[in-house]
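To start, the structure under review is shown below, and the notes come after it.
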Amino acid sequence: PNQLAIIRKKIKNIYEIQVDEIGGEENLDIIHDQGFVMSLLSYDNYFVDFAVGNKCLKFADYFLGSYYQLFCQNGVINQSNRSNDQIINMWHRDLNYLHFTTSKPFGINIFFCIDDFTPENGATYMLPGSHRFEEFPGIEFAEQHKVQLEAKAGSALVFDAMIFHRAGRNTSDKSRITMTNIYTYPFMKQQIDLPYNISDYIGNNEMKRKILGFENKTLPNVREFRKLRLDRKNKSK
């Protein structure tokens with residue numbers, strides 16, 4: 001409970017910072033980002049440790065193997081009693097614009113429930129098996145076959161990032177907060193340049209550098225590309 005209270009407060013604080021950065025919440029609404037809190041660990045080192053040390057990483061290990069990176073870490077505030085939908089109320093995949101299927105997952109979402117997930121506060125709907133669909137099967141099909149996931153605060157929902165899902169409308173009197181940590185293979189470009197934002201905090205911790213994408217940056221020239229490979233070989237001796 002103490003950890004949930006800390007996360008809840010920090011996500012709300014970061015959201016206020018991001019609202020100020022863009023010139024007001026009305027501007028977030030224009031780009032359909034109202035209630036969306038991007039790149040938590042870029043604003044607070046507390047979330048760096050959470051991204052590389054949470055107990056659910058065993059699922060990323062199982063599905064993605066030993067070499068993967070954090071694609072993004074975001075907070076989502078499902079705001080109560082809105083007059084219009086947020087972008088999270090629309091059916092979507094977490095890896096947008098990818099309309100194909102794969103034999104194995106290449107993205108795993110570890111979706112932490114910071115508040116209880118209930119029908120009243122818009123608990124997330126999933127469309128089971130939709131990671132096997134190339135295209136979205138349509139609103140009518142999705143609404144007919146959706147499954148709503150109720151969960152207690154502190155729970156984690158783990159799913160293929162290509163599954164179609166959406167938040168329900170929050171008709172309660174309080175916002176509902178989620179924290180998403182999406183892990184992918186290193187060939188996926190990170191949503192935000194995490195090494196740029198947190199390099200001073202990470203230092204030389206090899207495991208953290210790998211998960212956070214420090215070893216997968218696009219390098220400026222051939223010399224730097226080969227030097228990085230040579231350094232890795234020398235370290236492994």
Side-chain angles (χ1 to χ4, degrees), residues 15 27-40 56 59-60 62-64 68-115 117-151 155-172 175-192:
Y15 184 60
N27 285 331
L28 287 179
D29 211 10
I30 291 171
I31 60 173
H32 308 295
D33 262 5
Q34 197 167 28
F36 197 55
V37 195
M38 294 189 69
S39 198
L40 301 174
C56 293
F59 294 107
Y62 179 83
F63 286 107
L64 301 177
Y68 54 84
Q69 69 177 11
L70 183 71
F71 171 71
C72 66
Q73 181 196 64
N74 299 322
V76 180
I77 304 174
N78 191 350
Q79 298 169 331
S80 63
N81 292 311
R82 284 177 55 91
S83 59
N84 60 330
D85 279 335
Q86 296 172 255
I87 192 67
I88 59 171
N89 300 126
M90 312 297 183
W91 287 104
H92 63 279
R93 285 169 160 158
D94 288 320
L95 303 178
N96 297 323
Y97 314 116
L98 301 182
H99 301 299
F100 54 83
T101 61
T102 57
S103 59
K104 295 181 180 180
F106 57 84
I108 295 295
N109 192 340
I110 302 176
F111 200 76
F112 292 98
C113 307
I114 308 305
D115 295 306
F117 274 42
T118 69
E120 291 74 28
N121 67 16
T124 297
Y125 290 101
M126 295 280 179
L127 185 57
S130 56
H131 59 300
R132 300 295 186 190
F133 302 168
E134 291 185 354
E135 301 283 350
F136 181 60
I139 295 293
E140 184 178 350
F141 181 93
E143 293 299 320
Q144 182 180 354
H145 296 282
K146 67 187 178 185
V147 175
Q148 192 169 34
L149 302 181
E150 298 181 50
S155 302
L157 311 178
V158 181
F159 57 94
D160 189 313
M162 289 291 281
I163 287 181
F164 281 103
H165 59 284
R166 70 171 179 85
R169 288 294 296 270
N170 186 350
T171 59
S172 73
S175 61
R176 175 179 60 79
I177 295 179
T178 309
M179 179 173 62
T180 66
N181 293 257
I182 302 176
Y183 300 89
T184 61
Y185 291 116
F187 67 80
M188 294 286 293
K189 184 174 71 171
Q190 290 178 315
Q191 194 175 67
I192 300 292

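Quick caveat: nothing in here was measured; it's all calculated off a predicted structure.
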Subject >> Trace of the side chain to side chain contact (heavy atoms under 4.5 Å, CB included) decision for His165 with Asp94 >> reply: CA-CA 9 Å; His165 59 284; Asp94 288 320; 3.2 Å; yes
**OP:** Could you walk me through whether Gln34 and Tyr15 pass the side chain to side chain contact (heavy atoms under 4.5 Å, CB included) test, one step at a time?
**Re:** CA-CA 9 Å; Gln34 197 167 28; Tyr15 184 60; 3.6 Å; yes
Original post:
So Met188 and Leu98, side chain to side chain contact (heavy atoms under 4.5 Å, CB included) or not? Walk me through it.
Top reply: CA-CA 12 Å; Met188 294 286 293; Leu98 301 182; 4.2 Å; yes
Subject >> Step-by-step side chain to side chain contact (heavy atoms under 4.5 Å, CB included) determination, Tyr185 to Leu64 >> reply: CA-CA 7 Å; Tyr185 291 116; Leu64 301 177; 3.9 Å; yes
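Closest of all the heavy-atom pairs between Arg82 and Asp29 is NH2-OD1, 3.7 Å. Nearest approach of Ala151 to Cys113, heavy atoms of both residues: CB-SG, 4.0 Å. Annotation for Thr101 and Glu134: closest pair CG2-N, 3.9 Å, computed over non-hydrogen atoms. Across every non-hydrogen atom of Ala156 and Ile110, the tightest pair is CB-CG2, 4.5 Å. Minimum interatomic distance between Ile177 and Asp115 (heavy atoms only, all atoms of both residues): N-OD2, 2.8 Å. The heavy-atom pair separating Val37 from Ile77 by the smallest distance is CG2-CD1, 4.0 Å.
Within the 4.5 Å cutoff, the side chain of Thr180 has no heavy atoms near those of the Gln73 side chain. You'll find the side chain of Phe36 reaches within 4.5 Å of the side chain of Asn74, heavy atoms only. Considering only heavy atoms from C-beta on, Leu127 comes within 4.5 Å of Phe141 through its side chain. When side chains are defined from C-beta on, Asn181 does not count as touching Phe71, because their heavy atoms never get closer than 4.5 Å. Two residues are said to be in side-chain contact when any heavy atoms from C-beta on lie closer than 4.5 Å; Glu150 and Pro119 meet this criterion.
When each of Phe164, Phe111, Tyr183, Phe63 is tested with Phe159 by the rule ring-ring contact (aromatic ring centres under 6.0 Å, His included), just one qualifies, namely Phe111.
Asn81 CG to Ser172 OG: the interatomic distance, rounded to the nearest 0.5 Å, is 7.0 Å. Between Thr124 atom OG1 and Lys146 atom NZ the span is 12.0 Å, to the nearest 0.5 Å. Asn109 CG to Leu157 CG: the interatomic distance, rounded to the nearest 0.5 Å, is 8.5 Å. Rounding to the nearest 0.5 Å places CD1 of Ile163 at 12.0 Å from NE2 of His92. Atoms CD1 and CD1, on Ile108 and Ile182 in that order, are 10.5 Å from each other to the nearest 0.5 Å. In this structure, the separation between CE on Met179 and CZ on Phe112 is 5.5 Å, given to the nearest 0.5 Å.
Between the side chains of Glu120 and Asn170, no donor-acceptor pair is found at a separation under 3.5 Å. Side-chain polar atoms of Arg176 and Thr178 form a donor-acceptor pair below 3.5 angstrom.
The backbone N or O of Phe133 lies less than 3.5 Å from no partner atom in the side chain of Ser130, so there is not a single donor-acceptor pair. A donor-acceptor pair is defined here as one N or O able to donate and one able to accept, closer than 3.5 Å; such a pair exists between the side chain of Gln86 and the backbone of Gln79. At least one donor-acceptor pair under 3.5 Å links the side chain of Asn89 to the backbone N or O of Ala167.
Using a cutoff of 4.0 Å between basic side-chain nitrogens and carboxylate oxygens, Glu143 and Arg166 are scored as salt-bridged.
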